[in-house]
Amino acid sequence: MENVNKIEKKWQDYWDKNKTFWAKNGDKRKPYYILVEFPYPSGSGLHVGHVRSYTAQDALARMMRMQGYNILYPMGWDAFGAPAEQYAIKNHIHPRDAVQENIKVFKGQMKSLGFSFDWGREFSTTDPEYYKWTQWQFLQFYKHGMAYKDTIPVNWCPTCKSVLSNEDAAGGVCERCGTQVEQKEKSQWMLRMSDYSEDLLTGLDDTNFADRVKLGQINWIGKSQGCEIDVEIVGGGKFSVFTTCPETIYGITFFVIAPDGKLIKELMPRVENKKEVEQYIKETALKSNMDRTELNKGKTGVEIKGIKAINPVNGKEVPVFLGDFVLGDYGTGAVMAVPSHDQRDFEYAQEHHLEIIKVIDCGDISEHAIEKTEYMGHDYKMINSEEFNGMLVDDAREAIANMLVEKGYGRKVNNYKMRDWIFSRQRFWGEPIPMINCPECGWVPMDEEDLPLLLPDVVEYEPTEDGESPLANITDWVNCKCPKCGHDAKRETDTMPNWAGSSWYFLRFMDPHNTKEFASMDAMKYWNRVDWYNGGMEHTARHLLYARFWVQFLYNIGLVPHKEMIWTRVSHGMVLGSDNQKMSKSKGNVINPDDIVKEYGADTLRVYEMFMGDYQMDAPWSTDSLRGCKRFLDKIERLKDKINDQEGYSEKLEVLQNKTIKKIEYDMTHMGYNTVISSLMILANAYDEAESITKDDYHLILTLLNPIAPHITEELNEQIGFKPICEDTWPVYDEEKTIENVKEIAVQVNGKVRATIEISIDDDEDLIKKKALECENVQKHIDGKEVFKIIVIKGKIVNIVVK
RNA sequence: GCGAGUAUGGCGGAAUUGGCAGACGCGCUAGACUUAGGAUCUAGUGUCCCAGACGUGCAGGUUCAACUCCUGUUACUCGCACCA
């Protein structure tokens with residue numbers, strides 16, 4: 001074959017020119033929406049990992065198009081965000097220009113790989129026509145009371161000079177640069193995501209996400225069921241605690257409240273050891289700057305003197321402490337301490353020499369607490385718990401909770417780990433938040449007609465020293481009139497987080513050129529929802545949570561047709577370096593897809609990445625294996641020389657052909673891409689062994705291989721005079737022809753294979769038994785023994801049990 | 001610590017429902033054709049004390065039959081980590 005790259009270019013141009021893969025809204029074919037996460041167009045170009053998932057979904061898209069579906073397989077760019085901004089700061093160019101340059105590179109690479117994207121729907125989150133609607137949707141959040149400003153201690157990265165979400169600051173370090181995160185008070189836009197905790201949980205039932213994906217969502221939302229209990233303070237006043245273990249309430253020997261919470265501030269006037277308490281609060285604020293894991297060793301804290309609290313169930317007065325293991329922003333910011341049955345409380349009690357009372361008769365607690373996971377579900381009985389003594393723990397749990405409610409001591413509540421979404425970023429390269437601060441009216445939303453609020457051109461992209469967005473320096477832009485009263489006012493200078501634009505982009509693909517709405521209801525109803533969504537495991541949890549929250553909100557205000565707009569979510573494994581480690585420049589194990597395409601062709605790379613292993617698991621790169629795939633494609637090409645002048649399909653090949661079609665259809669829709677390739681190899685080997693093959697035989701294997709290797713198959717197909725595969729239909733298999741008439745099956749004696757017999761499709765059980773018993777080697781192994789039972793599994797195996 | 005996932009030849013990995021473990025490919029060995037081969041073809045390739053036995057991280061169990069189901073256990077990977 002002539003130059004592979006030339007042929008590939010020829011077909012890529014053909015698809016472009018004919019708009020072969022453009023989806024049509026409202027078309028009467030069955031719609032099916034396949035989505036891959038749109039990439040962040042970084043300066044380093046497309047990664048071989050992108051190639052893996054794009055090829056997999058591309059293959060599915062190409063097969064289903066041939067099966068008569070109206071396939072939406074779009075591509076776009078998630079181009080706002082820190083890396084582009086950092087790059088711009090370094091090189092003194094506008095991030096917009098840098099992004100445009102990178103998009104050009106990415107798009108060129110994608111085209112060279114022959115992905116069947118509908119390029120007619122391409123957009124970038126940085127296009128004003130797109131972010132206009134991101135801003136518009138923010139205004140809807142605001143107008144429905146879902147966006148609010150709050151001054152809260154936030155995670156602050158001193159290097160990036162930016163506020164980070166809890167998620168971005170996971171583990172106490174900045175996700176981007178690794179710097180220790182500090183705490184800083186800042187006024188931030190927030191979205192009330194916590195209002196949606198329960199809906200985001202129950203909504204999962206209306207999705208087909210993989211179990212591990214659902215579990216990620218569930219863990220992130222972090223629901224825990226328990227009781228909130230009111231605690232009186234001696235001498236007046238009260239506070240509440242949250243517990244998931246009401247059964248241990250008689251074991252309370254002290255309370256602990258959060259040093260960073262609001263409660264201690266309220267109690268301050270009554271505190272006798274103010275100095276000591278204030279000192280501890282200060283220390284805690286500093287501690288968050290340091291490596292937290294180091295501090296996990298001990299349970300620090302101080303007693304709040306002058307404050308005693310009363311256990312509501314038995315009137316017992318116990319001391320109250322400050323302790324940094326209690327978090328100010330979870331639950332009520334205070335806990336009841338039961339050192340006998342909670343390990344943290346136990347450690348705290350040891351450290352501060354406090355009383356330990358066992359309330360469940362479950363063994364020795366002198367070394368460590370016996371926690372819920374250990375005592376629940378066993379026949380342990382209650383002790384030291386007044387009228388509940390002698391009751392089984394599992395029963396006491398419910399009984400005590402009910403008693404608390406009845407007597408008005410508390411109520412049953414659910415708590416969620418998920419917090420509200422911190423929506424402000426002090427950066428330049430993001431969607432401006434369309435809010436105006438008026439000295440008379442306060443925060444006023446921009447008029448919707450005035451959107452988009454464009455990002456101005458600036459010279460400097462660095463955040464200001466005090467952490468304001470660089471936009472704050474552009475007075476022309478900042479100063480404006482209040483839309484409500486006309487008074488001089490100032491714009492919000494914070495921008496939106498990177499997650500904003502990616503939370504609804506899949507809706508825009510359904511109707512990308514709409515100038516009146518973010519997407520019309522008709523278009524969204526037509527496409528229904530994303531049928532098949534593929535992305536990396538890394539950000540599945542966060543991205544899906546934000547996107548689902550966003551969509552649920554839009555649903556609640558009547559703007560999208562479903563509460564969940566994503567049906568199936570699957571995730572692929574990484575492509576590792578040949579050293580089995582994550583590809584990185586520093587390790588020198590990076591494979592550039594361009595080099596591979598140039599040397600072996602796009603088809604070889606595509607086939608190899610599908611064949612390399614289980615799609616959902618990480619797989620190391622192997623250039624040797626890649627060459628094997630090249631050999632396979634060469635073999636396909638060579639088979640053309642075996643074409644005879646007969647019509648139709650070769651009789652000898654028909655069963656295998658039908659079986660192969662069936663298997664490929666199954667595997668393609670079940671992420672079994674590697675076995676799609678292996679069954680094609682088996683078919684090719686069978687063709688190779690045959691004396692000769694017909695033109696139709698050849699056309700068939702080209703069609704089956706086409707979704708994965710679209711260029712070479714089109715070229716060879718053209719050479720034998722067929723119309724382009726991309727305009728043809730997918731072959732239909734005949735179930736009856738997938739079954740062999742004659743088959744070889746194994747004969748076991750006591751579970752060990754001793755012979756094989758040939759059976760025909762219409763042999764009955766007795767005949768099969770007879771054939772099995774006639775085998776010489778079988779005779780040898782049953783000789784002198786009593787045949788106890790003969791098990792015949794039709795078409796599979798015979799097992800003779802002897803004693 | 002909690003949650004999830006994974007474990008099969010020298011390597012990547014097959015084995016929809018329990019039914020001949022190692023498909024398919026890589027690598028390797030020997031040979032053929034060759035000036036040459038990252039080309040092609042042929043044969044072979046789990047282990048061992050090779051008429052047979054043993055083999056899917058380890059130890060048990062269920063079954064005529066277990067990579068597959070059950071109980072326990074180990075190692076690694078990922079996610080969350082003082083969440084009351």
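Residue numbering restarts at 1 for every chain, and letters A, B, ... go by the order of the sequence lines.
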What contact category does [X] fall into here, base, sugar-phosphate, or nothing, at under 4.0 angstrom with non-hydrogen atoms?
X	value
N685(A)	sugar-phosphate
V335(A)	base
N750(A)	nothing
Y608(A)	nothing
G222(A)	nothing
E371(A)	nothing
V241(A)	nothing
G333(A)	base
D618(A)	sugar-phosphate
T243(A)	sugar-phosphate

Roughly how many Å apart are [M] and [N], using the [atom1] atom of each and rounding to a whole number?
N	M	atom1	result
G79(B)	C28(B)	C1'	40 Å
U56(B)	A51(B)	P	22 Å
G57(B)	A75(B)	C1'	8 Å
U77(B)	G25(B)	C1'	26 Å
C20(B)	A14(B)	C1'	15 Å
G55(B)	C2(B)	C1'	36 Å

Can you name the ring-ring contact (aromatic ring centres under 6.0 Å, His included) partners of [X], sequence neighbours left out?
X	value
F254(A)	F321(A), Y348(A)
Y416(A)	none
H670(A)	Y666(A)
F549(A)	F141(A), Y196(A)

## Note on the structure
Hits for salt bridge (Lys or Arg N to Asp or Glu O under 4.0 Å) against D579(A), two or more places apart or cross-chain, chain-then-number order -> none

### Task
Report the glycosidic orientation of C50(B): syn if within 90° of 0, anti in every other case.
syn

Under 3.5 Å, which N/O atoms of the protein pair with N/O atoms of nucleotides 41-47 of chain B?
from   : atom 1 : to      : atom 2 : distance (Å)
C41(B) : OP1    : R638(A) : NH2    : 3.4

Side-chain donor or acceptor of [X] paired with backbone N/O of [Y] under 3.5 Å:
X	Y	result
T253(A)	E355(A)	yes
K642(A)	D688(A)	yes
R419(A)	K417(A)	yes
D230(A)	S240(A)	no
N219(A)	G216(A)	no
D260(A)	G328(A)	yes
N799(A)	G751(A)	yes

### Query
Is there a donor in the side chain of T248(A) and an acceptor in the side chain of Y375(A), or the other way round, less than 3.5 Å apart?
no

### Query
Just checking, is any N or O donor in the side chain of R52(A) or Y615(A) under 3.5 Å from an acceptor N or O on the other one?
no

Contact list (N/O, under 3.5 angstrom) for nucleotides 6-11 of chain B vs protein:
none

### Query
Can you name the residues that form a side chain to side chain contact (heavy atoms under 4.5 Å, CB included) with S625(A), not counting sequence neighbours?
Y608(A), S622(A)

### Residue list, side chain to side chain contact (heavy atoms under 4.5 Å, CB included) with D342(A), at least two apart or on another chain
R344(A), D345(A), E371(A)

### Query
Looking at C80(B), does its base get a donor-acceptor pair with the side chain of K417(A) below 3.5 Å?
no

### Task
Could you provide the dot-bracket string of RNA chain B, using ( ) for intrastrand pairs, [ ] for crossing pairs and | for bases paired to another strand, with Watson-Crick or G-U pairs below 3.5 Å?
(((((((..(((......[....)))((((((.......))))))(((...)))..(((((..]....))))))))))))....

### Query
Which whole-number value in Å describes the distance from D614(A) CG to A23(B) C1'?
15 Å

### Message
Counting only side-chain heavy atoms from C-beta out, which of C24(B), C83(B), C80(B) sits nearest to Y330(A)?
### Response
C83(B)

### Of C629(A) and C245(A), the one whose closest RNA chain B nucleotide lies more 5'
C629(A)

Under 3.5 Å between N/O atoms: give me all the protein pairs with nucleotides 27-34 of chain B, atom names plus distance.
from   : atom 1 : to      : atom 2 : distance (Å)
G27(B) : OP2    : R631(A) : NH2    : 3.1

### Task
Could you run through nucleotides 16-22 of chain B and give me one letter per nucleotide, 5' to 3': B if any protein heavy atom sits under 4.0 Å from the base, S if only the sugar-phosphate is that close, - if neither?
BB-BB--

### Residues, nucleotides or ligands: over 12 heavy atoms within 6.0 Å of E776(A) CD
no

### Query
Do I370(A) and I360(A) have side chains that get closer than 4.5 Å, going by heavy atoms?
no

